[in-house]
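Inspection log for the structure reproduced underneath, given as structure tokens.
On a predicted model such as this, the values are computed, not experimentally measured, just so you know.
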Amino acid sequence: MAPSFAVHARRGAAALATAAALGAGAAPAAFADGSPSPAASGLYGAKDPQFDGVFRQSLAFLAQDAVGVSPAPKAVDWLAGQQCADGGFAGYRADTGKACDANAGEFTDATSAAVQALAAVGGRAGAVQKGLEWLKAHQHEDGGWGMTPGGATDANSTSIAVGAFVAAGQDPAKAAVKGGKSPYDALLSFQLGCDKKEDERGAFAYMPQNGELLPNDLASAAAAQAALGKGFLTGPAAKDADRPVAPLDCAGDEKAKPKDAAAGAEAVAAYLAKKLDAGDNHLKSSMPGAPAGPDFGTTADATLALATGGHRNAAAKPLAWLQAKDNKAVEWAQGDPGRLAKLVLAAHAAGADPRDFGGTDLVKQLNETGPAPEKASASPEKKDEEKKDDGGGFGVWWFFGLFFVASVGVGFLLSGRKKNKL
């Protein structure tokens, strides 16, 4: 029998703490001993990185990439230096000279997020490949991942892992198959169907609770992005196009569920849009132990997913709520690289300007939480060209070279990604 949600939550306390920190909860505490932030060595943020150091650094890179900013080399070195010898990532390693605990210290979410970030900045193909190898080694027979090696499969960790493979230029449905199952098979097993209440249909559960699927907004927002075959970083929605959300069709079949990932993405988008409309265009926290009130992080995640799915008008409503000064989303994010990155990614995907987010320059604030960026004014298009030119990305010739190496026995594994609990 699968462990209860409470047991799984205890096993993943660090991961849940990261999610709460990036969602509705208070910012992580500063270093207990009053020592200065390790930002001088490349880490973003001044708060204690114990739970979210790798995750917030990864999100910061992805948000910067979205707006054409290149992080400082020492910041990239810091993230790459956090990787364990086996390719996985812990939430944070204070002493990178000490070996990782492969059975307890490494996290799917951190690994998947770091892979996405290192793929985005370019020039770290080896680290990306090792991260993907770690993910494949810890994939379950149902096609999904738990937040830790051996942990029960959950929707959030599986969703973030999907993004890692996508960031590395691979199709998760082909590159990450275990026991005949892909990550999409695992995800769809967590989606609620026509046998549930009308306002719950299309939602995703985090994982079964005593064999029952219960709607979870954090899982739904994450799975909505993954079901579209996307990671955290996506392009802006077309300004002249909008796709209305389409609720799950239950006519004549009370047990119907989405038949594939594309249908699942449509159904969960309708769930999120309806939930946002009912909640004054924002979501409330669904994380255990998080303070009651608006969940800025999950609202940003839902905005990102709706925009990525082409539901521009549906995404515009929560985006406007996040931008409104009275709702204090910018205040919530101030000084926190992970939170600022969430807002930047949501604004970028929804077609807004992160440099004028309700009158606030989110990009400037994000850049100020870490070492001065190497380039802070290049367009995203120009940055993409530069990554291709310097050989740091995953271009056509790189793939041909890797395939050749594989053909002589070294092996062909390439993919990457990581999960937050934001």
Exercise. Got a sec: does the CD of Glu368 have more than 12 other heavy atoms crowding it under 6.0 Å?
Worked result: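 Yes, because the 6.0 Å sphere around CD of Glu368 holds more than 12 heavy atoms from other groups.
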With a 4.5 Å limit on heavy-atom distance, are the side chains of [X] and [Y] in contact?
X: Ser58; Y: Leu79; value: yes
X: Arg56; Y: Pro49; value: yes
X: Pro294; Y: Lys284; value: no
X: Arg93; Y: Lys98; value: no

Residues [X] and [Y] bridged, charged N to O under 4.0 Å:
X: Lys317; Y: Asp277; value: yes
X: Lys325; Y: Glu331; value: no
X: Lys342; Y: Asp301; value: yes
X: Asp217; Y: Lys275; value: yes
X: Asp77; Y: Arg124; value: yes

Roughly how far apart are [X] [atom1] and [Y] [atom2], rounded to 0.5 Å?
X: Lys274; Y: Glu200; atom1: NZ; atom2: CD; answer: 10.5 Å
X: Glu106; Y: Asp101; atom1: CD; atom2: CG; answer: 7.5 Å
X: Gln225; Y: Leu233; atom1: CD; atom2: CG; answer: 9.5 Å
X: Glu133; Y: Thr111; atom1: CD; atom2: OG1; answer: 12.5 Å
X: Trp78; Y: Leu43; atom1: CH2; atom2: CG; answer: 4.5 Å
X: His282; Y: Asn327; atom1: NE2; atom2: CG; answer: 7.5 Å

For this session: Could you verify whether a donor N or O on one side chain and an acceptor N or O on the other, from Ser157 and Asp154, lie under 3.5 Å apart?
Result: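 A donor-acceptor contact under 3.5 Å links the two side chains.
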For this session: Return yes if a side-chain donor-acceptor contact under 3.5 Å exists between His140 and Thr153, otherwise no.
Result: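 Note: His140 and Thr153 side chains meet the donor-acceptor criterion.
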Exercise. Any donor-acceptor pair under 3.5 Å linking the side chain of Ser182 with the backbone of Tyr184?
Worked result: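 The answer is yes, because a donor-acceptor pair under 3.5 Å joins these two groups.
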Exercise. Is a side-chain N or O of Thr158 found less than 3.5 angstrom from the main chain of Ala155, in a donor-acceptor match?
Worked result: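 Not a single qualifying donor-acceptor pair exists.
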For this session: Please state whether the rings of Phe61 and Tyr44 are parallel, tilted or perpendicular, taking 30° and 60° as the class boundaries.
Result: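 Geometry flag for Tyr44 against Phe61: perpendicular rings.
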Exercise. Can you check whether Phe296 and Trp321 have ring centres sitting under 6.0 Å from each other?
Worked result: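 Ring centres of Trp321 and Phe296 closer than 6.0 Å.
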